[in-house]
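Excluded from the calculations below are hydrogen atoms, water molecules and symmetry mates; all remaining heavy atoms, backbone and side chain alike, are included. Note on naming: letters A, B, ... go to the chains in the order of the sequence lines (proteins, then strands), and numbering restarts at 1 for each one.
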Amino acid sequence: MTNNLFVYNTLTRKKERFEPINPPFVGLYACGPTVYGDAHLGHARQAITFDVLFRYLQYLGYKVRYVRNITDVGHLENDADEGEDKIQKKARLESLEPMEVVQHYMNRYRLNMDALNVLNPSIEPRASGHIIEQQELIDKIIEAGFAYEVNGSVYFDVNAYNANHPYGQLSGRKVEDLLSNTRELDGQSEKRNALDFALWKKADQSHIMRWSSKWSDGYPGWHLECSAMSTKYLGMQFDIHGGGMDLLFPHHECEIAQNVAGYGKPAVRYWMHNNMITTNGQKMGRSLGNFITLDQLFAGEHPLLEQAYSPMVIRFFILQAHYRSTLDFSNDALQASEKGLTRLLNAVAALDNIQPSGASSLDVDALAEQCNKAMEDDINTAKLVGHLLGGIPQINKLAEGRDSIAEKELEKLKNLYHTWISTVLGLEQQEAPGKTSEIIGDLISLILQLRDDAKSSRDFETADRIRNKLTSLGITVKDRKDGADWEIS
RNA sequence: GGUCGGUUUGCCGAGUGGCUAGGCGCCGGUCUGCAAAACCGGUUACAGCGGUUCGAAUCCGCUACCGACCUCCA
């Protein structure tokens, strides 16, 4: 299988031709969410970026296994309080089972993803379901001499590793620089080196999520899951690993180190990272508290929002920018996207009304070529969308009969738009159900008001015509003393 | 402080040496009882300074400003 796809590899900082290790199969892994809160716009960007990549690779003919993990271990620790009251502590412990929290936010995440028309990954593994695999990897890393145990916890030995392997390659850092800039944090005393990171942590009394191991009752370090699960489902070496840019260091850096230390070689051929969404130029993030959740966007319920934005508008907004650029959130930008998307989808709908006739003045092949080139150049959806929008005046001309197109060309044109917009970009005509029913209600009220006016002026012919037509549509009109009521049967 | 990236027309946002990106907005037009919508057309910018070049938003240097990562974060 051949392609001209070039992707930007964070590891080499260059665009490289995409050549799968084992065509026609492609292994794709992307870091999913940590499910301790609702997904926000940034999660949408990550998911949509790799959803489009997943779709596009399939469009190119590859058999893709897409693994997107759920992090449900490692971030639920509650390590505040020392001298807490016993009763209060117990209450806290009983208030929520951690897996309840996980289930709750995982369900909500999936609902959000469905709304955004993000396809389900092939496999969606959870860290808590792969404790054994993670422990096995720890064993391997210890055996190889790159980890050590202290008081029931196991740490990765960055110094030992860095002696023969470059630690910091992906994020472009040097161990010396990192060392001189690392803050001294509490609880690092067990580590031999400030850069060392936990592979296994011994759970203290208050820690609820714990598993038994040869080292201690404890829980895995959060970098470990991706190494263990990607290896399990995609093999020791696979094609693409994706995630947000903020995961570059330390998460992905540690992942590489774990793979090399435990399995002897790096797993990933191409590292791809999507950039951040910003608000007023600042990164949107949970810890910064400046994020807008997807549910808030869909409902329009947030102080920063002037209106609700449908999931498809969000999707289109994200696709109008290249995934490696920062994208600034604003109402103006989203409203512009909303109008642009409507224009695009209307044009697609208009395609079906075009009758083929005579010769073609439109060069469909040229447009197809432009679209292909845009995507081949590191998944440039912004450019692709530009080309698709650029073809709209031509489509409108045809739809209005101001131009002609041969049948064969018309089929190509329809196919082109449907393929890119629906299949690859995942943009679908979508109605907001709540809003629609609200409008229908208002609409019927208006019609009944007109009927009342007709009755008042003794124009019973019109009044009956309205009632009969409504009845035939399944809407029963019920005349009452003070106006009319209605019911959908 | 270290490392990396960015600064594009009113707003958003593509673009790596010569060729109109695109969307929104705005202006004009078609249509229309009026308006709106829709459609058509117009709207030529690249932080500053210097350099390379026949030619630079695009390459190089300096300056200014912004951001990301360096700690959990898509």
Checklist line | A/Ser227 side-chain N/O to A/Glu255 backbone N/O, donor-acceptor pair under 3.5 Å | finding: yes

For [N], which nucleotide is its Watson-Crick or G-U wobble mate, given both distances must be under 3.5 Å?
N	answer
B/C11	B/G23
B/U58	none
B/A38	B/U30

[N] [atom2] sits how many Å from [X] [atom1], rounded?
X	N	atom1	atom2	answer
A/Leu388	B/G13	CG	P	20 Å
A/Lys201	B/C72	NZ	P	11 Å
A/Leu178	B/U71	CG	C1'	12 Å
A/Lys373	B/A14	NZ	C1'	17 Å
A/His252	B/A74	NE2	P	11 Å
A/Phe316	B/G13	CZ	P	14 Å
A/Leu170	B/C4	CG	P	14 Å
A/Arg402	B/U30	CZ	P	15 Å

Return the nearest nucleotide to the side chain of [X]; candidates are [options].
X	options	result
A/Ile277	B/G67, B/C40, B/A74	B/A74
A/Ala382	B/A14, B/C39, B/A74	B/A14
A/Glu400	B/C40, B/C39, B/A74	B/C39
A/Leu389	B/C70, B/G22, B/C39	B/G22
A/Arg343	B/C39, B/G67, B/A74	B/C39
A/Arg173	B/G15, B/G13, B/C69	B/C69
A/Asn396	B/A74, B/C40, B/C70	B/C40
A/Asp246	B/A14, B/C69, B/C40	B/C69
A/Lys339	B/A74, B/C24, B/G13	B/C24
A/Asp177	B/A14, B/G2, B/A74	B/G2

Next item on the list: Could you pull out all residues at least two apart from A/Arg286 that satisfy side chain to side chain donor-acceptor pair (under 3.5 Å)?
Entry: none

Item checked: side chain to side chain donor-acceptor pair (under 3.5 Å) evaluation trace for A/Thr71 with A/Asn69 -> CA-CA 6 Å; A/Thr71 298; A/Asn69 71 301; 3.2 Å; yes

Checklist line | Electrostatic pair A/Lys412-A/Glu409, nearest N-O below 4.0 angstrom | finding: yes

Next item on the list: Would you mind checking if A/Glu124 and A/Arg110 are paired as a salt bridge, meaning a charged N to carboxylate O distance below 4.0 Å?
Entry: yes

Check: Which residue lies toward the 5' end of RNA chain B, A/Leu248 or A/Gly243, if each is placed at its nearest nucleotide?
Finding: A/Leu248

Next item on the list: Specify the residue among A/Arg45 and A/Val385 whose closest nucleotide of RNA chain B lies further upstream toward the 5′ end.
Entry: A/Val385

Base, sugar-phosphate, or nothing for [X], non-hydrogen atoms under 4.0 angstrom?
X	value
A/Gly42	base
A/Met276	base
A/Gly390	nothing
A/His273	nothing
A/Ser325	sugar-phosphate
A/Ala321	sugar-phosphate

Next item on the list: Establish, yes or no, whether the cationic atom of A/Arg68 lies under 6.0 Å from the six-membered ring centre of A/Phe50 and within 45° of the ring axis.
Entry: no

Distance between the [atom1] atoms of [N] and [M], in whole angstroms?
N	M	atom1	result
B/G18	B/A57	P	10 Å
B/G23	B/C34	C1'	30 Å
B/G10	B/G17	P	27 Å

Notebook entry, point to check: For A/Ser171 and B/C4, is the shortest distance between a side-chain N/O and OP1 or OP2 below 4.0 Å?
Noted result: no

Notebook entry, point to check: For B/G13, does OP1 or OP2 lie under 4.0 Å from any side-chain N or O of A/Lys383?
Noted result: no

Notebook entry, point to check: Is there a side-chain contact between A/Trp271 and A/Leu248, using heavy atoms and a 4.5 Å cut-off?
Noted result: no

Next item on the list: Look up atom CD1 in A/Ile314 and atom CG in A/Leu116, then write down how far apart they are to the nearest 0.5 Å.
Entry: 7.5 Å

Item checked: Ring center gap for A/Tyr233 and A/His130 short of 6.0 angstrom -> yes

Next item on the list: Using a 4.0 Å cut-off on protein heavy atoms (strictly under), produce a 5'-to-3' string for nucleotides 5-12 of chain B with B for base contact, S for backbone-only sugar-phosphate contact, and - for none.
Entry: -------S

Output side-chain donor-acceptor pairs under 3.5 Å for residues 340-348 of chain A, partner residues at least two apart or in another chain, one line each.
from: A/Thr342; atom 1: OG1; to: A/Glu338; atom 2: O; distance (Å): 2.9
from: A/Asn346; atom 1: ND2; to: A/Thr342; atom 2: O; distance (Å): 3.3

